[in-house]
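Below is one structure; the comments refer to it alone.
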Amino acid sequence: MNFAIELILSLLLLLGGSLILIGSLGLIRLPDVYTRLHAPTKATTLGMGAILIASMLFTLFDQGSLSVQQLLITLFLFISAPLTGHLLAKTAMHQRLKQIDKTKNAELIEVARDREAPNHSSD
Amino acid sequence: MLEISLKIVLVMISIALIMNTYSLVRGPSLPERILSLDTLYINSIGLILIYGIVQASSINFEAALLIAMLGFVSTAALCKYLLRGDIIE
Amino acid sequence: MLNLFWIPLLTLIGVFVSLSANRVSRTACAYATAALPAAALAIVISYAPSVLDGEHFVEQFEWIPAVGLELAFRLDGFALLFALLILGIGLLVILYARYYLSEQDNMPRFYAMLILFMTAMLGIVLSENLIQLWLFWELTSISSFLLISFWNHKSEARKGARMALTITGMGGLALFAGILLIGQVVGSFNLTDVLAQGDLIRGSELYPYILVLVLLGAFTKSAQFPFHFWLPHAMAAPTPVSAYLHSATMVKAGIFLMARLYPALAGTDMWFLIVTLTGLATLLVGAYMALFKHDLKGLLAYSTISHLGLITLLLGLNSKLAAVAATFHIINHATFKASLFMAAGIIDHETGSRDMRKLNGLWRYMPHTAMLAMVAALAMAGVPLLNGFLSKEMFFAETLQQGSLGALSWILPVLATVAGIFSVAYSLRFIHDVFFNGEPINLPKTPHEPPRYMKIPVEILVALCFVVGIAPGLVVAEILHSAATSLLQGETPYYSLAIWHGFNFPLLMSFIALLGGIVVYATRKQLFEFQAQFPERDAKAIFDQNIKRIVDAATRIYGTLENGSLQRYTMLFILSVALFTTVPMTKLINLEGARPLLPVDGISIVATIILVVSTLVTLIWHRKRMIALIAVSVVGLIVSLIFARFSAPDLALTQLSVEVVTVILLMLALFFLPQVTAKAASPSSVVRDLGLATLIGGVMATISYAMMTHPQTSIADFFIANSKTGGGGTNVVNVILVDFRGFDTFGEITVLGIAGLGIYKLIARMKLFMPSADLNGIPWSNDHHPMMLATVSRALLPLALLVSAYIFLRGHNLPGGGFIAGLVTAVALILQYIANGVDFMRERSKLNYQWLISVGLIIAGATGMGSWLFGYPFLSSWFDYFYLPGIGKFELASAMLFDLGVYLTVIGSTLLILGNLGALTTHARPEESK
Amino acid sequence: MSFVRSWLPRPFLSLVLLIVWLLMNNSFSLGQIVLGLILALGIPLLTEPLQTQQMAVKRPLKLIRYILVLLWDIVVANLAVAKLILGPTKALQPGFIAYPLNLTGDLPITLLASTISLTPGTLSAEVSKDREWLYIHALDLPDEQALIDEIKQRYETPLKEIFQC
């Protein structure tokens, strides 16, 4: 396996790794549940994507066969991640979890909670 | 070089897993715990794939796939439970 | 000559004949019933000549060789004697019962039971194999239970039956234990071997146990003191039954057993003491009690007891001659006692009473019957020229012969004479009270002679008493000789059946007995008064009391062990596990084996940390259920990661899918549980549990450490070597599941299916409380089925199915297989339930999960049986490789079909359970803001 | 035609399934294709009863373009979020917005919502009962209207064209 490919692989891997790390870090660092939801649904997802591509390339150059299987996982994550976020946000609002004070339009939580339309005075 | 980067990534993922466990324990709210669990699931997929590269085998591909699928299902079920109490209605 | 098997077989068929003969007239029914036993009797008789010449026949074939159980029958002199008694008297009883039973009685049922009993009895006497003998032994207990309780509307019939069954049943268990011990000593259950190994048995240190256990069986069956009390209560049975079971045959089964095992067990002082003394006690108690019974059958019952005691006593004397006498008395007692019972039955039948205080002077009303009864009674009393006299003479002679009691040996003949006195007395009472002694006192019916045919059996039997009594040499000599020979398994000593032995001690004793009997009867008034002083001890009451005690004790133990507390069960369980594991652990010298340890890597450490932490979380917050649940799923995830890490992908996949299904199941259940868990038990118990958990954990850890470090040869290599060649698959795990261990799998999926159906039935139409708000009092969200979830999950379903198909198809060679695929499909469908709701699924999916289960099981089973067609054992899998142009080489294996069965069953059961648990709540939720 | 409808209810789905199958098995051998075809035809027939009528894709090409744009945005989004996470969390200005939907139909709305969740600092939290409002939580919300407009022109309009709704 020549240098260039190793380089690409390593970069992809490191990117993925760091994104995963960041995602999990955000889960801890970010102030409230709503903001925390962002971290994994995005960072982790892409991180996984990077790693999956890396492993695809690896199998391609290592066994010489293009193993596209991993794409399936990526696809799956891209479908499921937003939904997970959505459901968790729903749950969070349902449980009236505390948002940080400086959150804009926090009043929308109550409206969204009952899935009503907002009163149009704001816009 | 690949070996080194693989090692590094493994370390990163391990740290991530530990962090997820931490936030799972910390919570404080149930959705946050569930979120940590979900992240734990996804990160473990990464772990498996990295191992696949290390061992140069795709024997655990199905495991990864199933984790992706089933992790989602259980997260969805947990949320539904918190929302409705009754997940199948 | 027909095969021996036919003898019990014919009678067995007879059971169904008489059952099916309920349309026809009573007489026809009787004849139909009698036909097959008659045939059996013919077979027996066809054997008789050669048996009498000293031959004996054994027919056998393997039944369950594993437990040394073979179906084996033997016919020798002793068996012949009993077979003749059973069938002969049986036929007479059938004829008799035809007239005894009234219109209301269900005659076919009665006959069926009677023949069933006959079969069982024949089985006992013809058995060559001891275990088989025991089986028939128990069958007699059961059939006699049915027969005693034939008039099941009467309470005393039911009580008596229950008592008889309990006593004889317990005896049967003891006997079984004894037989097993014998088998252990001899190494075979075949009578031939056992009888040949008498010295070995008597020599073994197990002998005392064997003897006691076997004798327990015999004594209970033959109503020996102190187990005699069930017999009088069994008299609640219809009189034919009493005549047949409780005088002629069943109560003789115990005697038969003692005689049968005589060569193997007898000959020791222990045998002498136990058997003789028991027999003596029974003899006296029975004879004495008989005198005071006002009930005709009661008197006969006790006299039967005493005569059984007499026979037992004889067998106990350890003398060959005594054994001959015993055999002889078996014959005689059977004849006269059966006829007496029948006579009693006739009297009961024609007068409507059995109370000897009312029955008086029947001579005038039924002279013929009276004649017969009196002759039989005299035979019972042992009056010369009747068969009873002969055997009793022998008995007296024997009591004089033995000297095992040393200086006290004189006691035996004295007590024997005393018993003789009483037996004369109660015989006299039977004769005089019933047939003379004034006029009958307000009987329900006016007595008259019974129908002609009802008397024939009695006549035949009484005639026998006469003939045997006058010309024993002609009638019984031969059969008695061959019976005794086969009983002793050796040459019989010289004995003469002459009526007149000249003036000797036995004759004197008989004389004393006769005179004494008359005297006792004459002074009966005083005796009755004397007896009246004692409180009447009701055996039934005492028996019931004891039974109640046992039951109470059982309930107490049960209550303490199983008090409904899961903690308690777990504690007991873990305690016992710890007990059974720690003890052998102490014997393990070196904990660490030769196998080197694997190097530790970072990931493993991390995984371990997470595992420990999540476990701790589960423990600490077990009362916060959701948190516990989440932590538990972390545990599951890590475990499956560990499986994957140590290259057990199949395990990892299974673990994952089972994990999710479990979590969903738990949530379904949690919804119905009270939302707040009660505070755990007191601190002390918490400490206790901690200690317990630490102990068991430590032990388990140690064991697994030792296990994993010790190099051991496992069967794994075999599977790995043969899975491709033998099972046609490279995935050993799957091949083991569907091929090597296919039968286990088949059983497991069957259990799974049953469990699914069971749960389905259990929760059908169940009404449960449903909380309207969550733990924090927040009412449930009004969004039943989040739109996005529904849309996405619907879109995902085909994909998931594809994945499961993929996992299923590659399962045979690569990680996967029917079980995992089934779970994946199930989970995918459950997601549909979660996202779209039960109603949505109900109206749209045509899947019937019960059908799915059954189809799956049928496919799996059919695949298994398919291999029969090719002459292979069940579930031996077939596979072959095929070539198609373009497609190329591919494999077809029957295992895949089997796997399909597994797949369908798993889907069916999982969804049947989860879907229906969910459906519980679908309707009638407390709050509905639709 | 009706015959085709009844035997091939979702041509598009069947095609996807076939491709996925071949991807999973990593082989394009005739055997796999035959097997894949069987499944690709069978599974839709099995699952048909569970499918509600869905919007058919009218403009496949636009869909592909959309997906490419999306992929790019995802990359950007993640880097952005990564920056936010690593940066001082005090500086964050999270907030909710109510986004007025022009789309109709479950699938398009779901797609839009997912898109939003996957892209810069936004997470679609809820859809109003009347399907006209999408509630979005933004990790960093300097200007609400700007965000709304961006979503409109960058995602919703293309989706509208793709599904013609």
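To find a chain, count down the sequence lines: A is the first, B the second, and so on, and within it residues start at 1.
- For D/Leu35, the part lying under 4.5 angstrom from a heavy atom of chain C is the side chain only.
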What's the verdict on side chain to side chain contact (heavy atoms under 4.5 Å, CB included) for D/Leu107 and C/Arg794, showing C-alpha distance, side-chain angles and the deciding distance?
CA-CA 10 Å; D/Leu107 186 60; C/Arg794 268 175 228 153; over 6 Å; no
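- No side-chain heavy atom of D/Glu126 sits under 4.5 Å from any side-chain heavy atom of C/Pro786.
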Name the atoms and distances for all side-chain donor-acceptor pairs under 3.5 Å in residues 14-24 of chain D, with sequence neighbours left out.
| unit_1 | atom_1 | unit_2 | atom_2 | d |
| --- | --- | --- | --- | --- |
| D/Ser14 | OG | D/Arg10 | O | 3.0 |
| D/Ser14 | OG | D/Ala40 | O | 3.2 |
| D/Trp21 | NE1 | D/Gln32 | O | 3.4 |
| D/Trp21 | NE1 | D/Gln32 | OE1 | 3.2 |

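- The salt bridge (Lys or Arg N to Asp or Glu O under 4.0 Å) contacts involving residues 805-827 of chain C comprise B/Glu62-C/Arg810, where partners must be two or more places apart or lie in separate chains.
- If you measure heavy-atom distances from D/Leu111 to chain C, you find no contacts under 4.5 Å at all.
- The neighbour count for D/Lys152 NZ, taken as heavy atoms of other residues, nucleotides or ligands under 6.0 Å away, is above 12.
- Residue D/Thr47 holds its OG1 atom at 12.0 Å from CG of C/Leu796, rounded to the nearest 0.5 Å.
- Atom OG of D/Ser128 is separated from atom CE of C/Met787 by 9.0 Å, given to the nearest 0.5 angstrom.
- One finds the CG atom of C/Leu809 at 6.5 Å from the CG atom of D/Leu39 (value rounded to the nearest 0.5 Å).
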